[in-house]
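Notes to accompany the following structure.
Just the heavy atoms: all of them, side chains too, but no hydrogens, waters or symmetry mates, feed the values below. Here is how names work: the chains are called A, B, and so on, in the same order as the sequence lines, proteins then strands, and each is numbered from 1.
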Amino acid sequence: MLQINTIRQAPDEVINRLKIKNFDASKLVNEIIMLDESRREIQTKLDDTLAEANKIAKSVGQLYQSGKADEAGKMKEMSASLKEVSKDLSTELEKIVTLMNDALVLLPNLPHESVPAGKAETDNEIVASEGEFPVLPADAVPHWDLIKKYNIIDFELGNKVTGAGFPFYRGKGARLQRALINFFLDQAIAAGYEEYQPPLLVNEASAYGTGQLPDKDGQMYFAPVDKLYLIPTAEVPITNIYRDEILKESEMPVRNVAYSNCFRREAGSWGAHVRGLNRLHQFDKIEIVQIRTPEESYTALEEMREYVASLLRKLNLPFRILRLCGGDLSFTSALTYDFEVFSSAQERWLEVSSVSNFESYQANRMKLRYKNKEGKTNLAHTLNGSALALPRIVAALLENNQTPEGIKIPEILIPYTGFDIIS
RNA sequence: GGAGAGAUGGCCGAGUGGUCGAAGGCGCACGCCUGGAAAGUGUGUGUACGCCACAAGCGUACCGAGGGUUCGAAUCCCUCUCUCUCCGCCA
């Protein structure tokens, strides 16, 4: 969430910048400022009352020790009324703090100044475009036909055992998945990321920390008996490692990578464009996470963008990079680059990665701070990106590399797959 | 799942009603010492909020969480959560 200081110091700027996200914040901001004012007023009163009560308690102790029980008795009475006052004040304070927090979590992150205005996908700005579209054979088909033809991914089996959106990968399909996972992890490690294997279920505090709660409740699978959420991305456990932590500047920058299964309910989002591997309830993703100082977080974002681009180049996939417009930008993000690969048989662009800088928005919510060289404690900046999400990469690889002989495996993956063609 | 023990600062660990934000040790930071380092030695070393200039300073809260008793709680009482040990089960 946004820092109260930011809102207090420049409320108009907050309102103006959120207009880029098509979010009318004026009412919320005013409410927050009013709540903040009364919060501070009450806090001051309460502190003064408690200070006085503390003084009395101390002198009562001294009076008893010096045998002046009468005087001590009088002091006790004074203390009783103070106690009532402080009780009322702290109840009131608690109420206001709750109201303020409830309001604060409803405010999205401020977009970075480079974010273009816009309402929808079509307003995203294409900032790069690379690679050649492949020339496909005349009888080229989409990946959902290819996986049947070569018997490498089985949706019907998934339907039987679990339900829609939970396919089985088999034979060379399973091996291709495993190859991609290892390839992506090896690449990330070579680029300086530390590998983690995170838990796939997280508690409520973690889901809240990265911002899945309260705004994306309903998108996550939930195990009510133990009150645990199935992670929609490794971002959640990996970033929450640092929840309630104060990092030394020497421990920064943090560069972590994790492979995980991701679980998404995708409630209400099934339609014509989600056939085959385009959208699943369970999928595999390698996620990179960085924790940075505010000064260098945008340098880090560009570094991550370049890293993701390098993966797609190595896989020989045509891709483009979009700078998301305000309307398409997520609630918690300040700036996001989406990566899309061209899936030739479907003839559409598929989003395979999303690289974002959350600035201090997540950090504030999860109290992730760092101590700078001067010894001052500040909120850190968090960033993350997919590197990469598997299903759509697989879809594009299958479609783009289909030949009459079979599906050719990109050169760089062959050491990982152990075969060069799926036929 | 059964039985027991416990939760204190970055870590270890003392503290069973007042002078405790909390002894001591380790770690860390800075200084001295040294050709340099180690050792030794001195000083410092939590977080949040409020007043205020995001200074100094002062105040308040925090010893797993929440509530209670009391003029006063790390210390007493209640509830919850978590951790550990043993047994059972088990990849």
Side-chain angles (χ1 to χ4, degrees), chain A residues 1-11 13-14 32-101 104 197 199-209 223-229 240-252 254 291 293-295 360 363-380:
Chain A
M1 58 183 138
L2 295 178
Q3 289 173 263
I4 184 66
N5 265 341
T6 314
I7 300 170
R8 193 189 292 156
Q9 280 161 14
E13 205 198 323
V14 169
I32 288 166
I33 285 175
M34 277 168 59
L35 286 168
D36 180 49
E37 269 168 23
S38 51
R39 181 192 125 255
R40 285 186 292 164
E41 197 182 310
I42 294 167
Q43 178 88 62
T44 308
K45 271 191 208 161
L46 176 63
D47 285 356
D48 289 349
T49 312
L50 289 173
E52 185 149 0
N54 284 345
K55 261 187 217 160
I56 292 175
K58 233 169 235 180
S59 54
V60 168
Q62 280 163 3
L63 288 171
Y64 271 123
Q65 268 175 3
S66 50
K68 296 175 184 163
D70 292 356
E71 283 181 52
K74 276 183 219 159
M75 298 290 268
K76 279 192 196 179
E77 280 168 37
M78 285 168 66
S79 165
S81 70
L82 283 179
K83 198 174 178 180
E84 254 175 65
V85 174
S86 70
K87 225 174 192 175
D88 290 349
L89 284 171
S90 57
T91 318
E92 205 176 332
L93 184 68
E94 207 174 306
K95 258 188 221 157
I96 286 176
V97 168
T98 308
L99 284 174
M100 213 170 92
N101 269 328
L104 275 171
Q197 277 191 26
L200 303 180
L201 283 82
V202 296
N203 59 28
E204 196 180 354
S206 296
Y208 181 82
V225 177
D226 298 293
K227 292 188 184 143
L228 295 173
Y229 293 85
N240 272 285
I241 292 171
Y242 305 96
R243 173 155 49 81
D244 288 319
E245 294 290 332
I246 301 175
L247 297 171
K248 291 179 200 153
E249 199 163 346
S250 62
E251 295 172 298
M252 311 233 303
V254 168
I291 317 260
T293 62
E295 293 77 34
S360 61
N364 189 34
R365 201 182 270 213
M366 70 171 101
K367 296 193 169 53
L368 160 52
R369 292 146 295 168
Y370 75 100
K371 200 165 269 208
N372 68 16
K373 289 180 199 90
E374 287 79 47
K376 210 185 156 193
T377 304
N378 266 325
L379 290 173

* Separation between the C1' atoms of G4(B) and G40(B), rounded to whole Å -> 47 Å
* Output all residues satisfying side-chain hydrogen bond (donor to acceptor under 3.5 Å, both in side chains) with K76(A), sequence neighbours left out; order by chain, then residue number. => Y64(A)
* To do: Name all pairs fulfilling the salt bridge (charged side-chain N to carboxylate O under 4.0 Å, His left out) condition that reach into residues 78-97 of chain A, sequence neighbours left out, sorted by first residue then second.
  => none
* Asked: Is any side-chain nitrogen or oxygen of N54(A) closer than 4.0 Å to OP1 or OP2 of G59(B)?
  -> no
* Structure fact -> Contacts of K55(A) and N5(A) projected onto RNA chain B by closest heavy atom; the upstream (5') one is N5(A)
* **T293(A): side-chain hydrogen bond (donor to acceptor under 3.5 Å, both in side chains) partners, not counting sequence neighbours** => E295(A)
Under-3.5 Å N/O pairs linking protein and nucleotides 29-31 of chain B:
none

* To do: For G64(B) and C51(B), measure between their P atoms and round to the nearest Å.
  => 30 Å
* Treat a base pair as Watson-Crick or G-U wobble with both distances under 3.5 Å, then lay out RNA chain B in dot-bracket form, 5' to 3', with | for cross-strand pairs. => ((((((((.[[[..)..(.....]]]((((((.......))))))((((((.....)))))).[[[[[..)....]]]]])))))))....
* Structure fact -> K45(A) NZ to A61(B) P, in whole Å, measures 18 Å
* Provide the distance between the two C1' atoms, one in U75(B) and one in A23(B), to the nearest whole Å. => 15 Å
* **C1' spacing across the pair C26(B) / U81(B), given as an integer number of angstrom** => 30 Å
* **Whole-Å C1' distance, C63(B) and A14(B)** => 12 Å
* To do: Please test T44(A) against D47(A) for side-chain hydrogen bond (donor to acceptor under 3.5 Å, both in side chains), starting from the C-alpha separation and ending with a verdict.
  => CA-CA 5 Å; T44(A) 308; D47(A) 285 356; over 6 Å; no
* **Any residue meeting side-chain hydrogen bond (donor to acceptor under 3.5 Å, both in side chains) with N101(A), in chain and number order, not counting sequence neighbours** => none
* To do: With C1' as the reference atom in both, quote the distance from G13(B) to A7(B) in angstrom, rounded to an integer.
  => 14 Å
* Taking atom P in both C49(B) and G44(B), compute the distance separating them and give it to the nearest angstrom. => 26 Å
* Structure fact -> Y242(A) meets the side-chain hydrogen bond (donor to acceptor under 3.5 Å, both in side chains) criterion, sequence neighbours left out, with N256(A)
* Asked: Partners of D36(A) by salt bridge (charged side-chain N to carboxylate O under 4.0 Å, His left out), sequence neighbours excluded?
  -> R8(A), R39(A), R40(A)
* To do: Please measure how far the P atom in G15(B) lies from the corresponding atom in C90(B), and state the result in whole Å.
  => 43 Å
* Asked: With sequence neighbours left out, what residues match E37(A) under salt bridge (charged side-chain N to carboxylate O under 4.0 Å, His left out)?
  -> none
What N/O pairs connect the protein and nucleotides 47-51 of chain B at under 3.5 Å? Give each pair on its own line.
residue : atom : partner : partner atom : Å
U47(B)  : OP1  : K371(A) : NZ           : 2.8
U47(B)  : O3'  : R369(A) : NH1          : 3.0
A48(B)  : OP1  : R369(A) : NH1          : 3.3
C49(B)  : O3'  : R39(A)  : NH2          : 2.5
C49(B)  : O2'  : Q43(A)  : OE1          : 2.8
G50(B)  : OP1  : R8(A)   : NH2          : 3.4
G50(B)  : OP1  : R39(A)  : NH2          : 2.7
G50(B)  : O2'  : T44(A)  : OG1          : 2.7

Below 3.5 Å between N/O atoms, which protein atoms pair up with nucleotides 67-73 of chain B? Just atom names and distances, please.
residue : atom : partner : partner atom : Å
C71(B)  : O2'  : S79(A)  : OG           : 3.1
C71(B)  : O2   : A57(A)  : O            : 3.4

* Partners meeting salt bridge (charged side-chain N to carboxylate O under 4.0 Å, His left out) with E13(A) (sequence neighbours left out) -> R17(A)
